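Okay, so here's the structure we're looking at.
Remember, it's a predicted structure, so these values are computed and weren't measured experimentally. Every number for a ligand or one of its atoms is a count from 1 in the order of the listing.
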Amino acid sequence: MFSRQLLSSPPQHHHHNHHLLTPILATTASFFSLILFLFLFFFFYLRAKKTTTPPPDSKPPHRFSYPLLRRATNSFKTHLGHGGFGTVYSGTLQTGKPIAVKLMNSSSFQGEREFHNELFFASNLSSHHVVTALGFSSDAKRRRFLLVYDLMQKGNLQDALLHRKCPELMDWKKRFNIVLNIARGVQYLHTCDPPVIHGDIKPSNILLDDEFSAKIGDFGLARLKSEPNYEVLVGDGDGEEKKKEEEEGVACEGGIGVDVCGGSVIEESESVNTGFYEEGGCLGLEQSPDDFVRVTILETSPETMASMETGLDKVSIKSEKGDVKNSKGVRSNSMRDWKVKDHVMEWIGKEVNKEKPKSEWFGEEKMAKSEKKKKKRKDQLEWWESMEEEKFNRDLEKEKRRSVREWWKEEYSEELARKKKKKKKQQKRNGVTSDNDNCDDWWVSDGALNDNKKKSKRRSPNNRGSMDWWLDGLSGELWRARRNSYDSAASGEIPKSGGVSSTPSMRGTVCYAAPEYGYGGDVSEKCDVYSFGVLLLVVISGRRPLQVNGSPMSEFQRANLLSWARHCARKGRLIELVDQSIESLDKEQALLCITVALLCLLKSPARRPSMKEVVGMLTGELEPPQLPFEYSPSTPSRFPFKSRKKGW
Ligand SMILES: Nc1ncnc2c1ncn2[C@@H]1O[C@H](COP(=O)(O)OP(=O)(O)OP(=O)(O)O)[C@@H](O)[C@H]1O
């Protein structure tokens, strides 16, 4: 029986196991599927979460996926503005957060560096007065770089104040508040450790939120103060490479980056890199094969000229390595000076010529009425006629035609004849006769004379022509600055600061850039202070730093805001600078702002106040400032108009 049992039991057991196997397998399979499902779910969930919103506690920048940003901006449909870096679009994140997305222009050679620079600063700074970056997206292979910011609903200050002329900004309190916000923002940057120099403070880099609070944006040109005076603060170790180059004295010498924008109005525009410093070498050389100054005039149309309000007419001037290293550079530098000046003069000339015959300035009736008025106008035009535009051009043409030798001969013929006579006399006295009367030896012997002549030809700062005066603050500062760099180029010297070649990589916006930029001086916080001073005047006066309204000739006096402000200060008529359309004006506060602006605009960086002092003065925590002595009414004005006109 036992044996039968034994024999019969195995099939019984087998049947039982077979019965259990299916549910076990099914359970295990479903368990593992569940685990796999949960794993995949969490994986995709976390991934999706990661690319949608930055983790609450993490610090920006956050990396966004390109498709996500494309979706958020509706395939980059709504265009907010355009800058040197690329185009800015508005969008909304899945969370409903409105954003602004800067998409780098793929052909922009300066863009990638600005991207790193801006990302570094915009994500490390944190203040109510600074636009911070929420994140970025980058794909180096496809040259796709994007920056994501909080959307600033009211756009930039330039647009709000000067183009759209937002009615809200006609309220004095709002304007003053904007000024304070900006001042505090710059103060914040300067009190960071190490201090941050923005380098491009101007109205289009000030963004306004929906309550018209101002924030500083665009850190593409910002730098840390502790850095030597070269750029690229973030990057792949290129700073080291550059430092080495600088120490070895082979670093590229920068010039001045100038964007002259206008049409009828020469206004600020995107900043242009003439810094010649790009990852791995000298930008100017690598990116541009030209070894000369390029002057490009873009986007000029007669309409914009006629409108006298908007329109851009850019002149980008790039100085290349040749400026310093080869003899051609000396020439190109002076040519560049001419070109800037010529351009501005040509532009003014067009305006004047356009206006003159039509007698639009004074109105036809008035013109017909009185001969006396005609005479007056003639007098008013005198200063203009004395600007020597034609002479400049003629001289330049002549200069090109004549050989250098001829030129020198002509220039110094009188001097040479005198020298020759003197030499003869001396030889006679010594009883020596010489056949060497050939005056061609002047070339060798007159080096000193040459120098003296050069020196005597150099005008003193107080002896500047009206054109120089007019350009003061535009390229006047820069024009002189370039001449300075010309001098150093000619002497073969590279400006030094603290043992390191300090020729800064010059970028910035004309009218807003501090004069010392071009002198190869230290780029310090005081450069921002200067730019803030210009911006302050612009906000108070509600106009561009350089603007001609196409009205009477007298308007030319006011064309250059900086010079006009200095003139008004000397005349004790600061109030004339205040925008007439401001409502509920606090006159005292407005005068305080102008005084602070004038202090910020002092030519010596050391005499300009710090941003802390600026904020203190504006808020009343510090004593109200006194106008510097050069602006006191007793100081003789260098304003040319008054002296040139008769009975005006
Ligand atoms: N966060 C933002 N919110 C709303 N608009 C913005 C924002 N950022 C930029 N913009 C708009 O896009 C424009 C271009 O900005 P961007 O900073 O690229 O150039 P820019 O400052 O005008 O010129 P540049 O780069 O030459 O200094 C701005 O003037 C502004 O109108």
Measure the distances from the heavy atoms of L80 to every atom of ligand 1 and state whether one is below 4.0 angstrom. yes

Check ligand 1 against Y149 and write out every atom of the ligand that is under 4.0 Å from a heavy-atom position of the residue. 1 (N)

Please confirm whether D150 comes under 4.0 Å of ligand 1, counting heavy atoms of the residue only. yes

Would you say NE2 of H79 has more than 12 non-hydrogen atoms from neighbouring residues, nucleotides or ligands within 6.0 angstrom? yes

Subset of ligand 1 atoms that lie under 4.0 Å from at least one heavy atom of K102: 16 (P), 17 (O), 18 (O)

Determine, using heavy atoms of S204 and all atoms of ligand 1, whether some pair is separated by less than 4.0 Å. yes

Below 30° counts as parallel, above 60° as perpendicular, anything between as tilted: where do the rings of H198 and F219 land? perpendicular

Could you tell me which non-hydrogen atom of S65 sits nearest to which non-hydrogen atom of S137, and how far apart they are? C-OG, 4.2 Å

Listed by chain and number, what are the side chain to side chain contact (heavy atoms under 4.5 Å, CB included) partners of V578, not counting sequence neighbours? I540, I575, I582, L585, A590, I594

Name every donor-acceptor pair, under 3.5 Å, that has one atom in a side chain of residues 175-192 and the other anywhere in the protein, sequence neighbours excluded.
{"unit_1": "R175", "atom_1": "NE", "unit_2": "L169", "atom_2": "O", "d": "2.6"}
{"unit_1": "R175", "atom_1": "NH1", "unit_2": "V539", "atom_2": "O", "d": "2.8"}
{"unit_1": "R175", "atom_1": "NH1", "unit_2": "D579", "atom_2": "OD2", "d": "3.0"}
{"unit_1": "R175", "atom_1": "NH2", "unit_2": "L169", "atom_2": "O", "d": "3.2"}
{"unit_1": "R175", "atom_1": "NH2", "unit_2": "D579", "atom_2": "OD2", "d": "2.9"}
{"unit_1": "N181", "atom_1": "OD1", "unit_2": "A214", "atom_2": "N", "d": "3.0"}
{"unit_1": "N181", "atom_1": "ND2", "unit_2": "N177", "atom_2": "O", "d": "3.4"}
{"unit_1": "Y188", "atom_1": "OH", "unit_2": "S126", "atom_2": "N", "d": "2.7"}
{"unit_1": "Y188", "atom_1": "OH", "unit_2": "S126", "atom_2": "O", "d": "3.3"}
{"unit_1": "H190", "atom_1": "NE2", "unit_2": "D528", "atom_2": "OD2", "d": "2.9"}
{"unit_1": "T191", "atom_1": "OG1", "unit_2": "Q187", "atom_2": "O", "d": "2.8"}
{"unit_1": "T191", "atom_1": "OG1", "unit_2": "Y188", "atom_2": "O", "d": "3.0"}

Show which atoms of ligand 1 fall inside a sub-4.0 Å distance from at least one heavy-atom site of D200. 27 (O)

Judged by non-hydrogen atoms, does K202 sit under 4.0 Å from ligand 1? yes

Looking at R144 and D139, would you say the former's side chain and the latter's main chain have a donor-acceptor pair under 3.5 Å? no

Pick whichever of N205, L103, N156, D218 has a heavy atom sitting closest to atom 31 (O) of ligand 1. N156

Would you say N156's side chain and N205's backbone share a donor-acceptor pair under 3.5 angstrom? no

Do G155 and ligand 1 have an N or O pair less than 3.5 Å apart? no

